[in-house]
Amino acid sequence: MYILGIETSCDETAASIIKADSRGKMVVLSNIISSQIDIHKKYGGVIPEVAAREHILNILPVIHESLEKANIKPEKIDLIAVTKGPGLITSLIVGSETARTLSYAWEKPLIGINHIEGHIYSNFIDLPKPLKFPTLILTVSGGHTILVIMHGHNKYKIIGETLDDAAGEAYDKGAKMLSLGYPGGPIISKLASEYAKSGQKSELTFPRPMLNVNNFNFSFSGLKTSLLYQLKKDKRWKTRINEYCFAYQEAIIDILVKKTLKAAKKFNIKTIMLAGGVSANSALRQKFIKELDKKHVFLVPDLKYTTDNASMIAAAAYYKYQNLKNKKIPILKVDANYKLS
Ligand code: KG4
Ligand code: ZN
């Protein structure tokens with residue numbers, strides 16, 4: 001079957017066509033993303049009203065391009081999938097109303113997908129062999145830090161989440177304090193790896209909040225405050241930016257890896273997956289590979305599917321649609337705080 005995915009939850013307008021066979025093997029025929037990063041850079045973060053306006057301008061050309069690139073006509077589409085939430089409500093509405101209109105005009109079924117579920121399913125695109133459940137997924141993005149156990153397709157149990165900032169937010173806010181611009185993840189990651197390559201040993205220390213508590217929740221706001229105070233005290237911080245990036249990133253990664261491995265042990269997990277924008281981080285991937293033992297399967301999405309895209313929405317829709325077959329698909333209603341369940 002052919003699925004058109006649409007994603008507009010934050011600052012990327014995205015559309016994708018995937019082809020899925022009856023065994024769940026998926027091929028991405030197009031994955032079009034129109035990024036607004038250059039626009040939001042000026043403000044140091046995403047301005048919701050500006051994002052919604054850009055989505056309105058971009059959505060139809062992006063969908064058109066996804067069909068053209070996949071070389072398929074709307075008649076061949078079997079299912080339309082769109083992000084229903086969580087996200088910025090004004091951005092979500094542009095995607096959902098467009099999807100609703102196309103569903104009506106083309107007479108195709110329409111399904112709403114949870115954005116986090118989409119990130120999780122980015123791991124199922126190009127999956128080499130069927131997966132062993134239960135799977136533990138660390139979803140780390142600009143808006144979310146969630147540890148989820150999946151016992152089967154579309155069945156989730158959240159075992160931990162952030163109580164304040166998300167891991168991506170820690171990168172973005174840290175980068176702002178270091179005057180490095182937006183988004184913070186890629187630049188902090190680059191400067192941190194330059195420092196690591198230099199072979200120097202940093203004496204900077206950052207806290208690891210909630211590392212030793214008896215649950216799987218996270219907290220990153222204390223880490224951010226620690227950076228703020230250390231920068232205030234250090235008159236020469238501008239000459240040590242790479243070192244600050246390195247030590248700050250080490251703290252984020254240390255918390256993420258240790259908590260995930262603790263959960264994997266406790267819940268007897270077979271497969272560990274990463275998802276979301278922060279999962280693009282190479283130091284994070286490397287630390288997992290180093291610390292995992294051989295009995296675990298470790299999966300990460302292809303880099304192009306780590307940050308927001310619509311192929312992941314179409315991939316999640318394939319499984320959700322199989323589960324809903326012969327049942328009525330719920331009417332699409334966007335929800336800015338849509339919970340994964
Ligand atoms: O998944 P995503 O595109 O959007 C949300 O759903 O939030 O994630 C964006 C986040 C931003 O906070 C960005 O700084 C972070 O992912 N990010 C990274 C890297 N690339 C993007 N963080 C760490 N290392 C990276 N290489
Ligand atoms: Zn996302």
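Here, residue 1 is the first one in the sequence, and each next residue gets the next number. Here the structure is a predicted model, which is why all the values come from computation and not from measurement. Whatever order the structure lists ligands and atoms in, that order sets their numbers, starting from 1.
Ligand-side atoms of ligand 1 in range of Tyr171: 22 (N), 23 (C), range being under 4.0 angstrom from any heavy atom. For ligand 1, the atoms sitting less than 4.0 Å from at least one non-hydrogen atom of Gly142 are 5 (C), 7 (O), 8 (O), 9 (C), 10 (C), 12 (O), numbered in the order shown with element in parentheses. Counting atoms of ligand 1 from 1 in the listed order, those under 4.0 Å from a heavy atom of Thr307 are 3 (O). Less than 4.0 angstrom separates some heavy atom of Gly184 from each of these atoms of ligand 1: 14 (O). The ligand atoms of ligand 1 that sit less than 4.0 angstrom from a heavy atom of Gly168 are 12 (O). For ligand 1, the atoms lying closer than 4.0 Å to a non-hydrogen atom of Pro186 are 19 (C), 20 (N), 21 (C), 25 (C). Residue Pro183 approaches ligand 1 through these ligand atoms, each under 4.0 Å from one of its heavy atoms: 14 (O).
Side-chain atoms of Ser91 never come within 3.5 Å of backbone atoms of Gly87 as a donor-acceptor pair (strictly under, hydrogens ignored). The backbone N or O of Ser34 lies less than 3.5 Å from no partner atom in the side chain of Asn58, so there is not a single donor-acceptor pair. Remark: side-chain polar atoms of Lys259 are paired, donor with acceptor, to backbone N or O of Asn215 under 3.5 angstrom.
A cation-pi contact links Lys84 to Tyr338, judged by a cut-off of 6.0 Å to the six-membered ring centre and 45° from its axis. Cation-pi geometry between Lys270 and Phe133 is not met at under 6.0 angstrom from the ring centre and within 45 degrees of the axis.
Proximity of Gly143 to ligand 1 is established by a heavy-atom distance of less than 4.0 Å. Using a 4.0 Å cutoff on heavy atoms, His115 counts as a contact of ligand 1. Ligand 1 lies less than 4.0 angstrom from a heavy atom belonging to His119.
By the criterion of a heavy-atom distance under 4.0 Å, the side chain of Asp172, and not its backbone, is placed next to ligand 1.
Summary of contacts: the protein heavy atom closest to atom 2 (P) of ligand 1 is Asp308 OD1, 3.4 Å. Counting protein heavy atoms only, atom 18 (C) of ligand 1 is closest to Gly185 CA, 3.5 Å. The protein heavy atom nearest to atom 17 (N) of ligand 1 is Gly277 O, 3.6 Å.
Taking the six-membered ring where the residue is Trp, Phe206 and Tyr248 present perpendicular rings, their angle passing 60° and hence far from 30°. Ring planes of Phe220 and Phe218: parallel class, angle under 30° (limits at 30 and 60°).
The shortest side-chain heavy-atom distance between Leu57 and Arg53 does not fall under the 4.5 Å cut-off. Looking only at side-chain heavy atoms (C-beta outward), Ile47 and Gln36 stay at 4.5 Å or farther from each other.
Ion pairing of Lys176 with Asp172 is absent here, as no side-chain N (NZ or NE/NH1/NH2) approaches a carboxylate O to less than 4.0 Å. Residues Asp302 and Lys304 are paired through a salt bridge, judged by an N-O separation under 4.0 Å between the basic side chain and the carboxylate.
Atom NE2 is the N/O/S atom of His119 found closest to the Zn ion (ligand 2).
Polar contact check, Asn281 against ligand 1: a nitrogen or oxygen pair lies under 3.5 Å apart. Backbone and side-chain nitrogen or oxygen atoms of Gly276 are examined, and none is located within less than 3.5 angstrom of a nitrogen or oxygen of ligand 1.
Between the OD1 atom of Asp308 and the NE2 atom of His115, the angle centred on the Zn ion (ligand 2) amounts to 100° when rounded to 10°.
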